[in-house]
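Each chain gets a letter, A, B and so on, in the order the sequences are listed, and its residues count up from 1.
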Amino acid sequence: MISVLTAVLYLLLAPIAGGFIAGIDRKLTARMQGRVGPPVLQPFYDVAKLFEKEDVTVTPSQNFYILSYLVFMAVTGAIFFAGGDLLLVLFAFTLAHVFIVLGAYAAYSPYSYVGAERELITLMAYEPMIILTAVGLYLVTGSFYVSEIAASEVPAALYLPGVLIGFLTVLTIKLRKSPFDISTSHHAHQELVKGLTTEFSGPTLAKIEIAHWYETVVLLGIVYLFFGFNPLLALVAIAVTYFLEVFIDNTFSRMKWQWTMKEGWGVAVTLGFINLAVLYYFYLGV
Amino acid sequence: MAYLKKSPWLIHYDASSCNGCDIEVLACLTPLYDVERFGIINTGNPKHADVFVITGSINDLNREVVKNIYEQMPNPKVVVAVGICACSGGVFAECYNVSGGVDQVIPVDVYVPGCAARPESIIDGIVKALGILEEKRAKMTEMEAVHA
Amino acid sequence: MYDLIFLILFPCIIAFILLLLNNNRIRHAIVALAALVISAGSIYLLVSSFTQGTVYYAFPFEPTSLVMFALEMGIALLLLYLGVRFKQPVAVLLVLVQTVMMIYYEITWGMTVEPEMNLFIDQFSIIMALLIGIIGSLIAVFATSYMDTYHSHHHEVRDRRRMFFFVIFVFLAAMFGLVFSNNIPWIFFFWEVTTLSSFLLIGYSETEEATNNAFLALKMNLLGGIAFAGAILYLASVDPSGGLLELDALLASGQAAAIIPAVLICFAGLTKSAQMPFSAWLVGAMVAPTPVSALLHSSTMVKAGVYIIVRFAPVLAGSLAGISIALVGAVTFLLASGIAISQSNAKKVLAYSTIANLGLIVACAGVGTPQLVWAAIFLIIFHAVAKSLLFLCVGTVEHRVGSRDIEDMDGLIVRLPKIAAMMFIGMAGMFLAPFGMLISKWAAIEAFVVAPFGLIFVMILAFGGAVTVFFWAKWMGKIIEVTPFGENIEDTVSTGKWVVLGSLTAMTVLAALLFPLISSYLVEPYVLGIFGETARLAQDNVIIMVLMIALLLVLPLSYLSYRKQGRTMPAYMGGRPTTPDMKFLGSLGMEREMTTRNYYFAEYFGEAKLLKVGNPLCILLILAAVAAIVGVAL
Ligand code: SF4
């Protein structure tokens with residue numbers, strides 16, 4: 001059930017794919033703003049540059065937390081692409097996130113501190129919906145294993161429209177797109193200086209970027225699971241999803257954290273719950 | 001490899017500018033000039049920055065701040081003084097609390113004159129600074145090699 | 001059988017020795033020795049009995065029951081006296097009701113019933129015995145040096161250490177008795193002893209607050225005790241031969257026969273495990289010296305409550321009453337986790353986290369599928385280990401730092417590095433993969449999905465889990481902040497405390513590493529024995545989890561490489577130069593200080609606010625459970 005090969009492939013290829021996606025993201029964003037924008041390879045240049053910079057921290061322990069963040073983000077994806085248990089993937093995902101938050105706390109800096117607290121808020125906001133996503137996929141495909149969900153012939157997206165929309169909402173939170181980029185933000189946006197990542201620089205910041213690439217691939221992988229019955233359609237869905245994310249990012253301003261909470265929990269108790277309740281009724285009769 | 005030149009992130013600080021130069025710096029980011037074409041990002045955080053773009057002259061209140069921001073930037077780093085105020089103090093040079101250009105407190109690598117400096121010349125200055133940045137990086141890696 | 005009797009009687013003997021002993025040094029030695037013997041005894045029990053499955057022992061019923069009855073009456077008199085002295089009419093009334101019930105039972109059936117197999121041991125009992133024996137006695141050892149410091153800090157509190165340690169060991173004995181008894185009236189006797197013990201320990205400092213909280217705990221637990229006594233009366237009246245008074249016979253008699261006493265006893269379990277609306281007593285109990293909290297929260301008292309509910313899980317499974325009880329647990333889990341966000345008092349956060357986790361256990365047991373019982377037992381194990389560690393750490397911090405407020409814990413990693421690291425591990429054990437609690441939560445989600453009314457439980461678990469991450473992670477962040485000021489004050493912590501804390505930390509990690517073994521040798525056989533089928537995590541998942549733990553153990557080694565490379569510089573303060581103690585010049589040259597504060601969201605997750613929702617809701621659910629069994633009875 002577990003395939004080591006795909007996990008290794010993920011570990012090698014995901015940063016490349018993730019970096020490209022980030023590059024396309026920036027290009028798209030620029031075009032939407034009427035600019036030319038940076039080259040698609042720009043994210044790779046950025047990370048390569050960061051490795052060339054001096055290694056400066058507020059406290060060396062930051063390095064440990066960020067290394068752990070990167071490692072566990074990679075582990076998360078490896079479990080996912082090995083076809084492992086989706087819930088375990090989500091728990092490893094949370095673990096990775098707690099590590100980056102701890103790294104920000106460790107610095108004892110006002111900006112990264114507030115960023116860390118806000119990151120925890122976003123974590124609290126998206127987590128219920130993500131768990132419900134796993135449960136929804138289980139209900140329609142009969143398995144928590146990513147490999148089996150992906151191979152399932154059931155058109156999950158048709159049975160799970162509410163869950164899918166809910167998931168896409170929290171995906172926006174997760175990718176730190178406006179209006180939910182309260183803890184830190186990408187590109188040239190600024191929030192609380194740089195919020196969560198304020199106190200990281202050079203190679204440490206580069207590791208955060210790479211971890212973020214890994215993360216993007218896993219999250220889009222979950223979108224795939226909704227369309228596993230038709231791989232071609234799944235790829236189109238992923239492309240559309242990402243385009244939508246960029247579009248939302250560029251059309252919204254940043255909102256307060258209360259809004260993030262309300263959205264994240266709101267979609268879980270309305271769309272997620274109603275969708276699952278209907279499924280329960282049909283599948284289990286209760 | 002020289003990736004620094006392909007991804008210069010900058011921090012922009014307004015020392016005691018009249019805001020004329022600041023507007024021009026920001027103009028560089030607009031669609032018309034779009035410096036992100038060169039990978040340039042305005043980070044607003046010294047710890048992420050490679051290029052310190054500073055406008056306006058040094059006075060008693062901002063001296064420590066300018067020094068602090070400069071110190072908090074990881075090496076290698078360059079300083080671009082934008083506008084005549086930042087270069088020499090400009091029309092404010094004789095002011096009671098002004099001590100002059102940015103080079104009074106931190107080493108400046110590129111001077112971009114003008115009142116206000118035009119976006120073209122600002123971009124030109126930053127591109128020039130990137131050359132210096134690359135030199136500094138090469139020197140830094142050399143030093144590291146020697147130490148190791 | 002003698003090992004069981006030894007584990008029950010030995011702590012009693014130690015208790016009496018400690019009661020008579022005034023010399024502090026000798027007390028330290030005896031407690032340490034007794035702890036060693038009790039831990040060794042419980043481990044011996046594990047080694048000698050885990051292969052045997054369930055074994056019943058015929059222990060003479062008559063004489064023991066008489067002694068217990070006499071003791072019960074003695075306890076009742078003591079409680080009556082204290083109730084009158086402290087003007088607690090409700091408590092007096094409750095004691096009276098319960099005593100009358102027990103006297104009635106004794107007169108009507110006491111002489112006629114003849115349960116034979118009065119003691120027993122199975123895998124679940126072994127697990128409980130290990131928790132009580134090892135964690136309980138470690139806490140007792142910790143308490144010896146803690147109480148020295150306590151009295152040097154609190155001169156106003158009367159030194160009643162003899163009574164204190166007497167009660168602690170009686171408590172342990174009662175817990176052993178509770179998990180080894182197959183005779184329900186005996187379980188009740190030990191149950192009442194734990195109620196009394198916690199009452200005495202909570203009121204230790206004799207302040208008005210302590211006395212009131214002690215009586216609150218007493219009243220709530222007596223309420224449960226009355227329900228328990230009601231169950232005994234019911235059982236005796238249904239089967240005057242006393243056959244149903246044996247736990248295994250009752251559990252085997254099927255849902256129709258056993259549901260009424262099961263719900264009554266589970267109600268007692270709800271009060272003891274501080275589920276809403278009874279959560280107040282456990283929160284109030286934090287006025288006691290910290291080792292008492294550690295004891296109440298980890299291996300004794302509240303665990304007795306969930307122990308009995310998990311025992312009755314097969315009876316509850318699939319019944320409406322069971323679902324209602326499970327919902328009490330689920331609601332408590334969600335709301336108590338929420339309340340924990342709004343608290344800055346470390347002990348209170350721990351208390352609400354305990355209540356929440358017990359709620360989860362109750363939810364699992366109430367629904368009662370094999371997978372959920374499996375998860376519930378693991379929750380009991382992991383929670384006991386991590387929570388005792390956390391309480392003892394907080395107690396130590398409180399003495400060194402002079403505060404139990406989380407906001408005063410920034411830079412703990414600088415001031416008390418080892419304690420902070422241990423707290424870190426304890427907290428990780430509470431909410432992070434691949435540690436214990438999360439394994440159980442995971443198993444619980446997978447099991448709830450296919451259980452009746454599963455969606456409601458899954459929703460609650462999803463939200464409760466998210467809230468849990470928030471309140472733990474922000475506290476964790478607080479203690480690992482590396483402040484540029486503060487000095488190491490750790491050398492004042494005594495060796496005894498280090499030993500205890502170190503062992504508990506090691507156990508937290510080991511429990512996670514060894515959980516496949518615990519599962520296949522203890523928990524799975526138990527679940528298999530009860531349900532005829534069992535649950536387990538899939539092999540590949542177990543391997544992944546173990547690999548993750550290994551990774552977590554290896555990653556700190558990366559610290560070694562950071563020492564050499566890299567430069568450090570102060571945090572970014574908007575360009576302002578700062579002094580090492582984070583002071584800087586604000587506008588107009590005024591000196592200001594940088595401090596950091598956590599979010600508490602009192603307006604959303606405030607204690608009063610959520611209790612206002614939770615208490616009535618849980619009362620309704622309990623009434624629903626009662627209605628369900630009344631429906632069955634009619
Ligand atoms: S150089 Fe001119 S425009 Fe620029 S800050 Fe000075 S006075 Fe203003």
Side-chain angles (χ1 to χ4, degrees), chain A residues 19 22-23 25-58 62 104 107 109-112 115 184-206 208-209, chain B residues 1-13 25-53 68-78 123 130 133-145 147-148:
Chain A
D25 181 338
R26 282 176 69 173
K27 198 82 191 169
L28 265 177
T29 300
R31 286 298 159 85
M32 284 181 189
Q33 297 169 354
R35 295 187 285 117
V36 177
V40 176
L41 291 180
Q42 188 61 40
F44 297 103
Y45 300 150
D46 289 347
V47 164
K49 172 206 71 177
L50 286 170
F51 277 113
E52 286 177 357
K53 295 276 287 187
E54 188 190 17
D55 190 2
V56 187
T57 45
V58 179
Q62 281 176 288
S109 141
Y111 299 106
S112 73
T184 181
S185 47
H186 288 296
H187 316 329
H189 300 210
Q190 293 170 20
E191 172 68 9
L192 300 164
V193 181
K194 265 295 183 187
L196 192 66
T197 58
T198 304
E199 299 298 340
F200 300 105
S201 52
T204 326
L205 188 61
I208 294 180
E209 278 305 314
Chain B
M1 283 285 282
Y3 289 108
L4 254 179
K5 280 175 83 170
K6 291 191 164 167
S7 148
W9 291 358
L10 53 86
I11 176 167
H12 164 215
Y13 179 69
V25 167
L26 292 180
C28 299
L29 300 168
T30 58
L32 186 60
Y33 296 101
D34 187 26
V35 288
E36 208 193 343
R37 278 177 297 159
F38 312 117
I40 294 177
I41 285 179
N42 182 9
T43 64
N45 175 7
K47 302 206 164 176
H48 291 184
D50 314 296
V51 185
F52 189 4
V53 175
N68 186 278
I69 292 178
Y70 179 73
E71 278 162 12
Q72 293 221 310
M73 290 169 63
N75 287 320
K77 55 192 168 189
V78 284
I123 295 173
L130 295 185
L133 194 61
E134 177 50 32
E135 270 169 40
K136 287 191 176 178
R137 185 195 68 81
K139 213 178 279 168
M140 202 176 95
T141 29
E142 235 171 68
M143 293 284 281
E144 267 168 20
H147 278 290

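Looking only at heavy-atom pairs under 4.5 Å with chain B, the residue among A:Pro38, A:Ser201, A:Gly202 that has the most is A:Pro38. Contact tally against chain A (heavy-atom pairs below 4.5 Å) for B:Pro8, B:Pro31, B:Pro46, B:Ala49: the top residue is B:Pro31. Chain B forms more heavy-atom pairs under 4.5 Å with one residue of A:Phe51, A:Tyr111, A:Phe44, A:Phe200 than with any other, namely A:Phe200.
Side-chain atoms of B:His48 never come within 3.5 Å of backbone atoms of A:Leu205 as a donor-acceptor pair (strictly under, hydrogens ignored).
Between B:Arg37 and A:Pro39, the closest heavy-atom pair is O-CD, 3.6 Å. Between B:Asp34 and A:Val36, the shortest heavy-atom distance links the atoms OD2-N, 3.0 Å. Residues A:Lys53 and B:Pro74 come closest through the heavy atom pair NZ-O, 3.0 Å. Minimum heavy-atom separation, A:Thr197 to B:Asn45: O-ND2, 4.4 Å.
Using a cut-off of 4.0 Å between Lys/Arg side-chain N and Asp/Glu carboxylate O, A:Asp46 and B:Lys6 are scored as not salt-bridged. The pair A:Glu54-B:Lys77 fails the salt-bridge criterion, with no side-chain N (NZ, NE, NH1 or NH2) lying under 4.0 Å from an Asp/Glu carboxylate O.
Only the side chain of A:Leu50 has a heavy atom closer than 4.5 Å to any heavy atom of chain B. Heavy atoms closer than 4.5 Å to chain A are found in the backbone of B:Leu29, but not in its side chain.
Scanning for side-chain contact (heavy atoms from CB on, under 4.5 Å) contacts around A:Ala48 gives B:Tyr3, with sequence neighbours left out. B:Tyr70 meets the ring-ring contact (aromatic ring centres under 6.0 Å, His included) test with no other residue; sequence neighbours excluded.
Taking CD of A:Glu52 as the start and CG of B:Asp50 as the end, the distance is 9.5 Å to the nearest 0.5 Å. Atom OG of residue A:Ser109 and atom NZ of residue B:Lys47 lie 7.0 Å apart, to the nearest 0.5 angstrom.
A cation-pi geometry, defined here as NZ or CZ lying under 6.0 Å from the six-membered ring centre and within 45° of its normal, holds between A:Lys49 and B:Trp9.
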(request) Determine, step by step, whether A:Arg26 and B:Ile41 satisfy the side chain to side chain contact (heavy atoms under 4.5 Å, CB included) criterion, reporting the C-alpha distance in whole Å, the side-chain angles of both residues, the deciding distance to 0.1 Å, and the verdict. (result) CA-CA 12 Å; A:Arg26 282 176 69 173; B:Ile41 285 179; 3.3 Å; yes

